[in-house]
Protein chains: 2
Amino acid sequence: MTTRSGAPAQPSERSGAPAQPGTRRTKQRAAISALLADVDDFRTAQQIHDLLREGGESVGLATVYRTLQAMAAAEEVDVIRHEGEQLFRRCHSSEHHHHLVCRSCGHTIEITGPGVTEWAARLGQQHGFRDIDHELELFGLCDKC
Amino acid sequence: MTTRSGAPAQPSERSGAPAQPGTRRTKQRAAISALLADVDDFRTAQQIHDLLREGGESVGLATVYRTLQAMAAAEEVDVIRHEGEQLFRRCHSSEHHHHLVCRSCGHTIEITGPGVTEWAARLGQQHGFRDIDHELELFGLCDKC
DNA sequence: CTTCATGCAAACGCTTTGCACCAGC
DNA sequence: GCTGGTGCAAAGCGTTTGCATGAAG
């Protein structure tokens, strides 16, 4: 990605895929994908790493990070930041949504903000801001915690 | 804070203050306070550190962190986390509010979420969550950026 | 004079990266 | 056999902390 071979041969880039990483099907990616399909709650990269190890599928922590990053870029997983660390989760809805997350076990419920996006856009415009983005997450303790 | 003197003398703790740090009036605290009064935008601890240094008032970075932490605990400053780092700002409203923050210069406008708190509480209750807290901030580019 | 804040540097936790090795295709 | 993913360990970055010094009251 940083270095380029001297040859002027154009990289094998088809039209569809924007040369994102994470193309190749590997055992590690499969393991992470499978785990994410299983665990319906937000988890840190380190937790995912531990869970994989517990499950016998040992994957390097760096790979976990790299894969999650790629999946996040491909919008296959949702990422939220909480207290300095990032939490990952495979979400069901592909539409814009927010989360109600248990701050103890990570149990998550997807929620939709009632008109938050429009509200944010309107408010931004009012104050001369453009390119408005919003962060909205709810945290609490679920009934099991 | 971690180590205690062997003497069993009870710490000089009056009834009012819960032994929070930041009691003593020092030059550094004054400088940080003054700067925060001047700068109306969200700033990282390191930016504040730099600004102090530029202004001639050199304060150790650790002190900046410790002081900001104390001020945050005393609710004298607002803290938000964004992209892994925390931003500090002296806010005008002491009531619950949110922010519209320029992601380039940190310029900030205080906003009130229309019923977000109630909405969050209701939603939490619906799903058996308690002790609900919410994080809501807007980010964009201000007209000067 | 006692106590607590400060400063420095080292430690910390999470995340990213360089590089040699290995596996997809 | 190329290409690109993996693993390890080291580096990076923002933040916290231990400890000796210095200032506040």
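Since the model is a prediction, treat every value here as computed from it, not as a measurement.
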Reading 5' to 3' through nucleotides 20-25 of chain D, protein heavy-atom contacts under 4.0 Å coded B for base, S for sugar-phosphate only, - for none: ---BBS

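The nearest whole Å value for the distance from the CZ atom in A:Arg66 to the C1' atom in D:dA9 is 12 Å. Atom-to-atom, CD of A:Glu83 to P of C:dT15 comes out at 13 Å; the value is rounded to the nearest Å. Put simply, CE on B:Met71 is 14 Å from P on C:dA5, counting in whole angstrom units. For the pair A:Glu57 CD and D:dG7 C1', the computed distance is 15 Å after rounding to whole Å. In this structure, the CG atom of A:Leu61 is 9 Å from the P atom of C:dT15, given to the nearest Å. With rounding to whole Å, A:Leu68 atom CG is found 15 Å from D:dG5 atom C1'. Rounded to whole angstrom, the span from the CZ atom of A:Arg29 across to the P atom of C:dG24 amounts to 14 Å. Between the CG atom of B:Leu52 and the P atom of C:dG7 there is a distance of 10 Å, given to the nearest Å.
In plain terms, the two heavy atoms of B:Leu141 and B:Ser104 that are nearest each other are CD2-CB, 3.7 Å.
Within 6.0 Å of CD in A:Gln125 there are 12 or fewer heavy atoms belonging to other residues, nucleotides or ligands. B:Glu118 CD: more than 12 foreign heavy atoms inside a 6.0 Å radius.
Rounded to the nearest 0.5 angstrom, A:Glu83 CD and B:Gln86 CD are separated by 11.0 Å.
A donor-acceptor pair under 3.5 Å is absent between the side-chain atoms of A:His134 and the main chain of A:Ala120, judged by distance alone. Between the side chain of A:Ser93 and the backbone N or O of A:Cys91 there is no donor-acceptor pair closer than 3.5 Å.
Summary of helix geometry: the two end axes of the helix from C:dC1-D:dG25 to C:dC25-D:dG1, each defined by five base pairs via their C1' atoms, are inclined to each other by 30° (rounded to 10°).
At the phosphate of D:dG7, OP1 or OP2 sits under 4.0 Å from a side-chain N or O atom of A:Gln28. Within the structure, every side-chain polar atom (N or O) of A:Tyr65 is placed at least 4.0 Å from both OP1 and OP2 of C:dT16. An OP1 or OP2 oxygen of C:dT15 is reached within less than 4.0 angstrom by no side-chain nitrogen or oxygen of A:Gln69. A:Thr63 has no side-chain polar atom (N or O) that falls below the 4.0 Å cut-off from OP1 or OP2 of D:dG5.
With sequence neighbours left out, B:Asp131 forms a salt bridge (Lys or Arg N to Asp or Glu O under 4.0 Å) with A:Arg103. Residues forming a salt bridge (Lys or Arg N to Asp or Glu O under 4.0 Å) with A:Arg89 (at least two apart in sequence, or on another chain): A:Asp40, A:Glu110.
Linking ILVMFWY side-chain heavy atoms closer than 4.5 Å, directly or via other members, places A:Val101 and B:Leu136 in two distinct hydrophobic clusters.
Among the candidates B:Ile111, B:Val116, B:Thr112, B:Thr117, the single residue satisfying the side chain to side chain contact (heavy atoms under 4.5 Å, CB included) test with B:Pro114 is B:Val116.
Note on residues 27-86 of chain A: pairs passing ring-ring contact (aromatic ring centres under 6.0 Å, His included), not counting sequence neighbours, are A:Phe42-A:His99, A:His82-A:Phe139.
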List every contact pair, protein side and nucleotides 9-13 of chain C side both N or O, where the distance is under 3.5 Å.
none

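You'll find the side chain of B:Leu123 stays beyond 4.5 Å of the side chain of A:Ile109, heavy atoms only.
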